[in-house]
Amino acid sequence: MSLEITGKLVQLLEEQKGESARGPWLKQEFVIETEEKFPKQICLAAWNERASALKSFQPGERLKIAFDIESREFRGKWYTNLKAWSVDRDTAGAAPAGAPTQAPAAQGLPQAPPYSLQDIPPESDSDDLPF
């Protein structure tokens, strides 16, 4: 399963190194914050050469990340990892300096006029409805 997400880099966590049967490995976890109405912080992990490439990014930069979701079971508990396989600067979603961050209102659509309680007609005893 491959997904894509964009967000602002919040933090690079401490780099982890180790040795396995297949040789040395390098893991770099990082946190991004989505740019939604209710932003979420998400921790992802990059491995080996992708982990080294993360050092070129600074907190506050917008990133576009392609990642896989993987879960595994260990002693009756499940653990889920978000493994980044592509991390790039997000230049397509960046707004030019001075541009509004909210989408502008639709052009050419009429706006509803304001109303008050005085605009509501009083109830009458003679309803046109048969019931």
Side-chain angles (χ1 to χ4, degrees):
M1 170 185 283
S2 178
L3 300 169
E4 193 170 281
I5 191 168
T6 58
K8 179 178 64 171
L9 179 62
V10 174
Q11 181 181 11
L12 287 173
L13 302 177
E14 190 172 328
E15 189 177 83
Q16 300 171 30
K17 295 179 183 182
E19 186 84 27
S20 72
R22 290 184 241 153
W25 55 266
L26 173 66
K27 178 182 175 183
Q28 176 71 62
E29 292 180 317
F30 60 103
V31 179
I32 65 164
E33 183 172 83
T34 61
E35 296 174 340
E36 303 170 322
K37 183 176 179 181
F38 300 106
K40 294 170 182 57
Q41 290 191 341
I42 301 168
C43 182
L44 297 108
W47 291 82
N48 298 323
E49 66 277 351
R50 291 175 187 92
S52 300
L54 279 173
K55 294 176 185 171
S56 66
F57 301 114
Q58 299 297 318
E61 285 189 87
R62 282 180 49 93
L63 301 178
K64 181 177 181 181
I65 301 126
F67 65 99
D68 291 328
I69 297 176
E70 181 181 358
S71 294
R72 58 187 168 71
E73 184 266 339
F74 181 71
R75 296 184 181 173
K77 291 190 177 187
W78 283 88
Y79 300 89
T80 300
N81 296 319
L82 305 179
K83 190 185 288 188
W85 54 268
S86 173
V87 180
D88 298 306
R89 284 181 178 84
D90 181 31
T91 56
T101 56
Q102 296 288 335
Q107 300 290 332
L109 294 178
Q111 296 292 323
Y115 66 91
S116 69
L117 293 176
Q118 295 172 348
D119 296 335
I120 301 173
E123 291 186 30
S124 67
D125 292 334
S126 62
D127 285 335
D128 292 340
L129 299 175
F131 50 89

Connected via hydrophobic side-chain network under 4.5 Å: L44 and Y79: no
Which donor-acceptor pairs under 3.5 Å do the side chains of residues 8-21 make with protein atoms, sequence neighbours left out?
| residue | atom | partner | partner atom | Å |
| --- | --- | --- | --- | --- |
| E15 | OE2 | K55 | NZ | 3.1 |
| S20 | OG | R22 | N | 3.2 |
| S20 | OG | G23 | O | 3.2 |

Item to complete: In sequence, state the C-alpha distance, the side-chain angles, and the governing distance for T6 and I65, and then conclude on side-chain contact (heavy atoms from CB on, under 4.5 Å).
Response: CA-CA 6 Å; T6 58; I65 301 126; over 6 Å; no
Separation between CG (L63) and CD (Q58), nearest 0.5 Å, reads 11.0 Å
Smallest heavy-atom separation, A46 atom then A51 atom, equals O-CB, 3.4 Å
Rounded to the nearest 0.5 angstrom, the CG-CD1 distance for L82 and I69 is 5.5 Å
Heavy-atom closest pair (P24 atom, N48 atom, distance to 0.1 Å) is O-OD1, 4.3 Å
Looking only at heavy atoms, the pair that brings E61 and S56 closest together is OE2-O, 4.0 Å
Correct closest heavy-atom pair for E29 and A45 would be CG-CB, 4.0 Å
For S52, the side-chain contact (heavy atoms from CB on, under 4.5 Å) test, sequence neighbours excluded, returns L26
Is W78 close to E73 at the side-chain level, that is, under 4.5 Å between some pair of heavy atoms?
yes
Residues pairing under ring pair (Phe, Tyr, Trp, His ring centres under 6.0 Å) where one sits in residues 2-61, two or more places apart or in two chains, turn out to be W25-W47
To the nearest 0.5 Å, atom OG1 of T34 lies from atom CD of Q41 at 9.0 Å
